[in-house]
Amino acid sequence: MADQVLDAKGLNCPLPLLRARKVLEELPNGGTLEVVATDPGTVRNFQDFCQTSGHELMESRTEGDVFTFVIKRCN
């Protein structure tokens, strides 16, 4: 279970990523954020974001048209 959940369903990129970034800034180091989105572009965006920001993409899964990501704040 993540420390915080962000429902970004119905939002198009880059809004899910921008909102996730804002929530991550408020979490303590080691905190986790679960993002639920429906835009297929979020899969690539969250992979790239975690690689460049230093956060850990702990989980990425797809269930139908819903994409779920669990991100651990690492800095």
Side-chain angles (χ1 to χ4, degrees):
M1 184 64 121
D3 297 317
Q4 189 120 5
V5 177
L6 173 63
D7 184 350
K9 292 182 284 204
L11 299 177
N12 292 323
C13 286
L15 288 177
L17 181 62
L18 294 174
R19 292 191 180 176
R21 184 184 305 164
K22 184 175 182 175
V23 174
L24 282 167
E25 289 174 0
E26 298 170 0
L27 288 176
N29 194 24
T32 55
L33 170 64
E34 179 176 312
V35 182
V36 182
T38 51
D39 184 345
T42 58
V43 174
R44 179 66 185 227
N45 285 348
F46 278 105
Q47 289 172 348
D48 292 345
F49 169 70
C50 288
Q51 287 179 345
T52 59
S53 68
H55 300 306
E56 179 184 347
L57 183 59
M58 299 175 60
E59 184 177 342
S60 176
R61 69 179 184 273
T62 304
E63 296 173 17
D65 293 335
V66 178
F67 307 94
T68 304
F69 311 93
V70 178
I71 303 166
K72 180 178 179 181
R73 181 175 179 188
C74 294
N75 55 19

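Note: hydrogens, waters and symmetry copies are ignored here, and every other heavy atom, side chains too, is used.
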Residues 42-50 side chain polar contacts: donor-acceptor under 3.5 Å, at least two apart:
{"residue": "T42", "atom": "OG1", "partner": "D39", "partner atom": "O", "Å": "2.7"}
{"residue": "R44", "atom": "NE", "partner": "D48", "partner atom": "OD1", "Å": "3.3"}
{"residue": "R44", "atom": "NE", "partner": "D48", "partner atom": "OD2", "Å": "3.1"}
{"residue": "N45", "atom": "ND2", "partner": "G41", "partner atom": "O", "Å": "3.4"}

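- Listed by first and then second residue, the salt bridge (Lys or Arg N to Asp or Glu O under 4.0 Å) pairs that reach into residues 27-38 come to none, sequence neighbours excluded.
- In this structure, the side-chain contact (heavy atoms from CB on, under 4.5 Å) partners of N75, at least two apart in sequence or on a different chain, are H55, R73.
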What pairs of donor and acceptor atoms, side-chain ones from residues 1-28 against any protein atom, are under 3.5 angstrom apart with sequence neighbours left out?
{"residue": "D3", "atom": "OD2", "partner": "T32", "partner atom": "N", "Å": "2.8"}
{"residue": "D3", "atom": "OD2", "partner": "T32", "partner atom": "OG1", "Å": "3.4"}
{"residue": "D7", "atom": "OD1", "partner": "K9", "partner atom": "N", "Å": "3.0"}

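- Cluster partners of V36, using a side-chain heavy-atom cutoff of under 4.5 Å among ILVMFWY residues and allowing indirect links, are V66.
- By the 4.5 Å side-chain criterion applied to Ile, Leu, Val, Met, Phe, Trp and Tyr, M58 is assigned to a cluster that also includes V70.
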